[in-house]
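Each chain gets a letter, A, B and so on, in the order the sequences are listed, and its residues count up from 1.
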Protein chains: 2
Amino acid sequence: MSSETDETGAGKPPMRDALVAAAFRLFLERGYEQTTVDDIVALAGVGRRSFFRYFPSKEDVVFPDHERCLADMTAFLAGGSDDEPVRRVCDAARLVLRMYAENPTFSVQRYRLTRQVPGLRAYELSVVWRYERALAEYLRRRFAARREGTLQADVIAAAVVAAHNNALRSWLRSDGRGEAGTAVDHALAYVQSAFGGVPVPPVAEQPEDVVVVVARRGTPLWRVVQEIEATLGRG
Amino acid sequence: MSSETDETGAGKPPMRDALVAAAFRLFLERGYEQTTVDDIVALAGVGRRSFFRYFPSKEDVVFPDHERCLADMTAFLAGGSDDEPVRRVCDAARLVLRMYAENPTFSVQRYRLTRQVPGLRAYELSVVWRYERALAEYLRRRFAARREGTLQADVIAAAVVAAHNNALRSWLRSDGRGEAGTAVDHALAYVQSAFGGVPVPPVAEQPEDVVVVVARRGTPLWRVVQEIEATLGRG
């Protein structure tokens with residue numbers, strides 16, 4: 001919608017939102033490359049300076065919420081020194097998912113646009129990189145006492161981002177139908193199971209229940225784990 | 001070196017190498033932004049058309065070997081349907097390391113340059129993304145029968161790339177001193193241990209040697225795995 005129309009009826013949207021709405025209307029009608037900042041400000045009914053007050057470039061209007069989301073993520077991670085670290089970064093990744101899921105139509109439109117325009121793809125990669133670094137920096141702090149702390153932090157952060165994006169892209173490809181949160185939870189659980197952040201199941205009912213696994217020395221570790229998972233009913 | 005000098009004494013280097021050498025000499029002397037394609041071709045003693053025959057843009061001359069390395073990786077992955085899949089992608093990642101390690105001085109210079117120029121950072125991210133996609137596509141094919149195949153493929157590919165890059169960057173930050181291969185082997189072993197690609201140790205000497213692990217139901221899986229690793233002497 002432009003600044004002249006407000007389909008929600010909740011009053012005139014702020015100028016920043018109007019610019020995003022005008023931009024996307026034009027991107028969808030004419031294509032991204034064929035739309036200029038002048039076209040956007042004309043449709044939004046504001047001046048060029050207003051545009052550049054909010055967005056350093058035309059690319060930035062395509063991703064209007066990532067800076068806020070990155071700030072939210074950084075704040076969230078700054079507060080979580082008691083949580084299990086892998087779980088904490090998974091929860092941080094869910095903040096990004098929430099941003100996409102808040103506005104499925106917009107998110108799906110942007111996904112299609114980004115796939116068509118190489119420059120936007122590059123921009124998105126740099127944004128994803130910043131999220132990954134935020135997660136990795138948090139884990140590096142939490143793992144500071146580990147000999148392999150920076151390696152583990154970098155690998156786990158990358159795995160969390162890849163799992164999140166795998167689920168997010170599936171949801172975007174399905175045109176934002178279905179429950180994005182469930183898919184992301186499922187994907188992140190895979191990372192947690194691989195890197196030690198598996199939630200401890202309740203043990204109250206059978207506190208002394210013991211599992212015995214017998215394996216020939218030389219059995220690949222993954223096979224032993226598979227066996228234990230099956231035995232514990234987590235497979 | 002320029003096309004006029006050949007410090008190896010092995011004959012005049014190909015024009016492509018001369019262009020790369022001239023470009024880096026100027027990038028280091030004047031800075032990347034201050035160097036034009038005209039400057040590069042003048043120093044190399046060739047025309048502009050020769051430059052653009054080899055490199056679509058000034059950015060591409062900074063990463064002259066990635067296309068070849070990506071092609072090598074794709075070819076390598078096309079041939080590995082018998083190997084354990086996680087091990088295969090780790091071996092594919094080692095091809096990238098080898099490219100860097102072949103020419104430590106050049107790799108360290110480029111690393112410093114890339115950290116200074118945001119446009120080169122973005123270019124590098126897109127290259128890293130292409131390696132990651134090559135690994136993920138291979139794993140997706142190998143995991144085609146798994147219900148979670150694409151998720152696992154994406155996560156493992158990202159973990160392999162992050163581990164490789166963690167070790168590679170440590171080596172580059174140390175000015176290319178030390179054995180890059182050992183650090184990368186170590187980093188990739190961490191990914192293999194997390195995702196089931198642990199090499200099977202030789203079992204010939206004690207074929208019937210059996211390991212028994214007893215764990216209370218409800219013990220976090222990672223603790224059980226830690227215990228097994230310690231018992232098997234892989235910790």
Going by the rule side chain to side chain contact (heavy atoms under 4.5 Å, CB included), which residues pair with B:Arg115 if we only count those two or more places apart in sequence or in a different chain?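 B:Arg115 satisfies side chain to side chain contact (heavy atoms under 4.5 Å, CB included) with B:Tyr111 once adjacent residues are dropped.
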
Going by residue number, which parts of residues 52-74 of chain B are within reach of chain A, meaning a heavy-atom gap below 4.5 Å?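 Expected list: none.
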
Could you name the residues of residues 157-168 of chain B that have a heavy atom within less than 4.5 Å of a heavy atom in chain A?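 Only B:Ala158, B:Ala159, B:Ala162, B:Ala163, B:Asn166 of residues 157-168 of chain B have a heavy atom under 4.5 Å from chain A.
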
Run B:Asp154 and A:Arg169 through side-chain contact (heavy atoms from CB on, under 4.5 Å) and show every step you take. CA-CA 12 Å; B:Asp154 288 1; A:Arg169 279 194 296 267; 3.8 Å; yes

Do A:Tyr190 and B:Phe195 have side chains that approach each other closer than 4.5 Å (heavy atoms only, starting at C-beta)?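 A:Tyr190 reaches B:Phe195 side chain to side chain.
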
With only heavy atoms counted, which part of B:Glu148 is less than 4.5 Å from chain A, the side chain, the backbone, both or neither?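 Side chain of B:Glu148 only, per the 4.5 Å heavy-atom cut-off to chain A.
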
Report which part of A:Ala122 has an atom under 4.5 Å of a heavy atom belonging to chain B: side chain, backbone, both, or neither.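 The answer is neither part of A:Ala122.
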
How many angstroms lie between CD in B:Glu124 and CG in A:Leu125, if you round to the nearest 0.5 Å?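 Between atom CD of B:Glu124 and atom CG of A:Leu125 there are 12.0 Å.
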
Could I get the full list of side chain to side chain donor-acceptor pair (under 3.5 Å) partners for A:Glu137, not counting sequence neighbours?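 For A:Glu137 there are no side chain to side chain donor-acceptor pair (under 3.5 Å) partners, ignoring immediate neighbours.
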
So does B:Arg130 have more than 12 non-hydrogen atoms from other groups sitting under 6.0 Å from CZ?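 At most 12 heavy atoms, drawn from other residues, nucleotides or ligands, come within 6.0 Å of this atom.
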
